[in-house]
J.: 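Starting off with a structure, shown below.
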Amino acid sequence: MKLSGSEIIIECLKREGVKYIFGYPGGAVLHIYDALFSSNEIKHVLVRHEQGATHAADGYARACGKPGVVLVTSGPGITNCVTGLATAHMDSIPMIVISGQVSRQYVGSDAFQEADATGITRPVTKHNFLIDSRESIPEVFKKAFKIATTGRPGPVLIDIPKDLTDPKIKIKFEYPKTVKLRSYKPPKKEVTTKIEEAAKILCSAKKPMIYTGGGVILGNAHKHLHSLVKKLNYPITNTLMGLGGYPATDKQFLGMLGMHGTYEANMAMHDCDVLLAVGARFDDRVTGDTEKFCPSAKIIHIDVDPSSISKIIKVDLSLIGETSSILKDLTKSVEKFTRKIDKKNIEKWWKKIEKWRQRKCLGYKKSKDIIKPQQVIESLYNITKGNAFVTSDVGQHQMWAAQYYKFDKPNRWINSGGLGTMGFGLPAAMGVKLAYPKSEVVCVTGEASILMCIQELATCLQYHLPIKIINLNNRYMGMVRQWQEFFYEGRYAMSYMEALPDFCKLSSSFGHIGIQIDKPDELESKMNEAMSNKNRLVFVDVITDQEENVYPMIKSGQAHNEMHLSPTNEETELA
Amino acid sequence: MSDDRRYIISVLVENEFGSLSRIAGLFSARGYNIHCLNVAPTNDESISRMTIVTMCNENKINQLMKQLDKLVDVVNVKDLTDETHIEREMLLLKLKCNKGQREELKRLVDIFRARIIDVTDTTYTVELTGASEKIMAFVSSMGSINIIEMVRSGALGISRGKDSLENIK
Ligand SMILES: Cc1ncc(C[n+]2csc(CCOP(=O)(O)OP(=O)(O)O)c2C)c(N)n1
Ligand SMILES: [Mg+2]
């Protein structure tokens with residue numbers, strides 16, 4: 001079979017099982033677009049901004065586990081992808097971005113729309129390639145997909161000069177079955193003696209705690225995690241990225257931990273004597289003051305990335321490898337020692353935890369006059385019965401979604417945890433909806449965040465993506481305002497959102513439905529109305545309490561046991 | 001930081017476009033200094049070898065080794081610091097030498113086993129190889145002799161015995 005460079009690219013993508021490409025055309029990729037035009041197996045989704053393409057591909061990958069694919073032109077096309085690449089990179093999301101480059105004879109000459117794509121994206125990709133010959137295209141694609149999807153996953157960029165995609169020059173095509181990468185070595189299987197040691201430590205705990213992150217979701221390890229946690233009857237908490245890794249409605253689940261984690265999860269972290277961390281990276285939003293992190297705990301860390309071990313917190317035992325296979329082996333090994341578990345002490349520990357739980361740190365007071373943001377998420381949870389895929393942007397709404405929507409299954413909670421990218425939610429929801437057209441997909445956002453990628457409403461119309469957008473409209477960059485209230489004596493510098501559009505009119509001008517809700521007693525009925533419209537995108541603009549804060553909160557430099565609870569919560573405790 | 005010390009590490013990388021900037025980028029992105037760095041091809045033309053000298057503490061060097069190992073282009077890395085290893089560096093030194101200083105310079109060249117490799121009526125160029133301390137000692141012994149130009153290769157390191165970075169993995 002003789003193919004042009006462009007046809008080879010399409011063929012490689014087909015062989016990798018790619019169903020969707022999120023992209024935006026331009027001079028340097030026109031040959032590729034032309035080849036795509038005559039292929040009907042891969043569906044191209046035309047976004048309205050390349051950042052949207054990367055977030056959509058990212059959302060697709062987070063929801064279904066397959067790498068998201070992006071195609072953009074040189075220069076501004078690829079520079080617009082940088083935020084999306086960095087977002088995926090921080091959260092270890094498999095993604096392939098194909099960017100056109102100026103023809104080889106112009107590279108380095110400051111040609112029209114030339115940008116050093118591999119240079120610019122080097123720190124925000126797992127790896128990147130600049131293709132220098134037609135013959136190497138198949139091998140580069142094979143390598144790129146392998147690197148993006150194995151070990152600790154991540155985004156890979158392939159930059160391809162235009163002349164290599166010339167439709168007139170055809171060469172023999174063969175897609176390699178395997179590819180050798182001597183310098184790329186995902187970890188080998190962990191040794192059994194270390195797994196046994198971990199099992200022994202776990203079973204000797206008096207006040208154990210399990211803390212899991214995005215690595216459980218990415219590593220598809222939730223089932224093995226569940227068996228282990230059930231076998232041990234120990235408490236478990238999830239990071240923001242790990243939500244859904246363990247069923248949130250299970251009684252052993254203590255909620256999210258960290259800066260806006262629950263009282264019980266953070267207190268248990270502080271007091272525990274053995275901590276098992278799985279697929280988590282001890283992010284500063286999780287640890288609080290690292291000097292005071294789990295002061296009396298022996299720490300075991302399971303992770304696929306050796307460089308995560310003892311990076312921030314020194315651990316006592318590390319198990320390196322795929323989280324699923326290690327958890328499976330660990331569960332087996334634990335069986336041998338379960339009789340050693342000090343049941344009395346564990347019972348005592350649970351009693352202590354129940355006391356913390358009784359504080360009901362997520363309690364809040366409803367009002368007759370103004371809608372509380374928390375109650376919007378609770379309403380969403382009830383209406384969707386906890387089954388929706390929820391994407392979010394960044395800010396208070398993100399934290400409320402994480403706290404009040406109880407995720408029982410993995411891959412349902414889709415947010416930019418590492419980079420904290422405003423603008424992520426809407427395009428990510430498009431990717432999720434394409435991956436699961438029959439499922440309910442909701443984007444929980446804020447009036448500031450949603451404006452950062454609002455242009456994608458057009459994409460949603462073109463491809464008929466009837467997602468639901470829940471805009472917690474507090475007329476503030478709420479999270480910024482909260483910090484200004486706490487740390488800058490209430491000087492709200494530039495955090496008030498003036499000149500907001502009429503979101504209902506804005507949505508209808510894009511061909512969608514807009515509903516505004518501003519009265520608490522209309523919340524349920526209007527939310528129901530919005531959610532029951534299965535065939536249209538509905539933008540629900542909810543006017544919420546302007547100065548509501550996210551609690552509990554650990555301020556930076558403080559320890560897990562130095563949380564600030566909401567004023568109402570502090571009162572109930574004192575009474 | 002007070003517990004910082006000198007580390008010398010060897011890195012084998014794929015001899016590919018962008019490999020050097022990936023490594024240099026890792027150092028700058030993660031806040032490591034590069035005291036000196038040397039890169040050149042090896043007997044296997046698909047592989048280049050780097051020797052890097054950096055100042056940091058033990059925690060940081062452990063992290064650095066793992067981060068280097070994680071780079072897709074890196075074939076192998078080794079911290080030579082506490083291994084028995086040999087270190088060499090080459091110095092080229094161009095000196096302005098008046099008549100009265102020539103004898104003194106020749107004496108120093110002999111003591112340090114250096115070589116004079118170029119002479120003009122006013123200048124001498126000297127070549128010296130040795131460990132970094134020897135290079136430094138030679139330079140500081142120049143005293144009143146004027147240094148016009150100085151080039152150092154940076155340290156090269158290799159472990160003693162039959163170990164090879166090229167066949168460990
Ligand atoms: C691209 C980007 N710019 C700036 C920030 C900093 N930031 C974090 S939260 C936030 C405010 C978000 O406001 P909004 O979307 O209204 O959400 P709210 O906090 O009010 O729920 C800002 C500006 C960010 N996370 N991302
Ligand atoms: Mg807001």
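Proteins get letters first, then strands, A, B, ... in listed order; numbering begins at 1 in each.
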J.: Might you confirm whether atom CZ of B:Arg102 has over 12 heavy atoms from other residues, nucleotides or ligands at distances under 6.0 Å?
T.: yes

J.: Surrounding CD of B:Glu127 (heavy atoms of other residues, nucleotides or ligands, distance under 6.0 Å), is the total greater than 12?
T.: yes

J.: Using a cut-off of 6.0 Å, state whether more than 12 heavy atoms not belonging to B:Asp110 lie near its atom CG.
T.: yes

J.: Sort B:Val74 into side chain, backbone, both or neither according to what part of it lies under 4.5 angstrom from a heavy atom of chain A.
T.: backbone

J.: Measure the CG-OG distance between B:Leu64 and A:Ser307 for me, rounded to the nearest 0.5 Å.
T.: 11.0 Å

J.: I need the B:Arg22 CZ to A:Thr125 OG1 distance, nearest 0.5 Å.
T.: 6.5 Å

J.: Nearest 0.5 angstrom please: A:Lys185 NZ to B:Lys70 NZ, how far?
T.: 13.0 Å

J.: Check step by step if side-chain contact (heavy atoms from CB on, under 4.5 Å) holds for B:Leu71 and A:His127.
T.: CA-CA 8 Å; B:Leu71 290 179; A:His127 196 62; over 6 Å; no

J.: Any Lys/Arg nitrogen of A:Arg182 or B:Asp44 sitting under 4.0 Å from an Asp/Glu carboxylate oxygen of the other?
T.: yes

J.: Answer yes or no: is there an ion pair linking A:Asp305 with B:Lys66, defined by an N-O contact shorter than 4.0 Å?
T.: no

J.: With the side chain counted from C-beta on, respond yes when A:Tyr184 and B:Asp73 share a heavy-atom pair under 4.5 Å apart, and no when they do not.
T.: no

J.: Distance check, rounded to the nearest 0.5 Å: B:Phe17 atom CZ versus A:Asn128 atom CG?
T.: 8.0 Å

J.: Donor-acceptor check, side chain of A:Lys314 to backbone of B:Asn59, threshold 3.5 angstrom: yes or no?
T.: no

J.: Heavy-atom count check: over 12 atoms from other residues, nucleotides or ligands less than 6.0 Å from A:Lys298 NZ?
T.: no

J.: Just wondering, are more than 12 heavy atoms of other shown residues or ligands nearer than 6.0 Å to CZ in B:Phe112?
T.: yes

J.: Under 4.5 Å from any heavy atom of chain B, what part of A:Asp132 do you find: side chain, backbone, both or neither?
T.: neither

J.: Between B:Ser46 and chain A, which part of the residue has a heavy atom less than 4.5 Å away: side chain, backbone, both or neither?
T.: both

J.: Please determine whether the number of non-hydrogen atoms from other residues, nucleotides or ligands lying under 6.0 Å from atom CD of A:Glu135 exceeds 12.
T.: yes

J.: Just wondering, are more than 12 heavy atoms of other shown residues or ligands nearer than 6.0 Å to CD in A:Gln105?
T.: yes

J.: Distance check, rounded to the nearest 0.5 Å: A:Ser183 atom OG versus B:Ile47 atom CD1?
T.: 8.5 Å

J.: Are there over 12 heavy-atom neighbours, none belonging to B:Ile158, within less than 6.0 Å of that residue's CD1?
T.: no

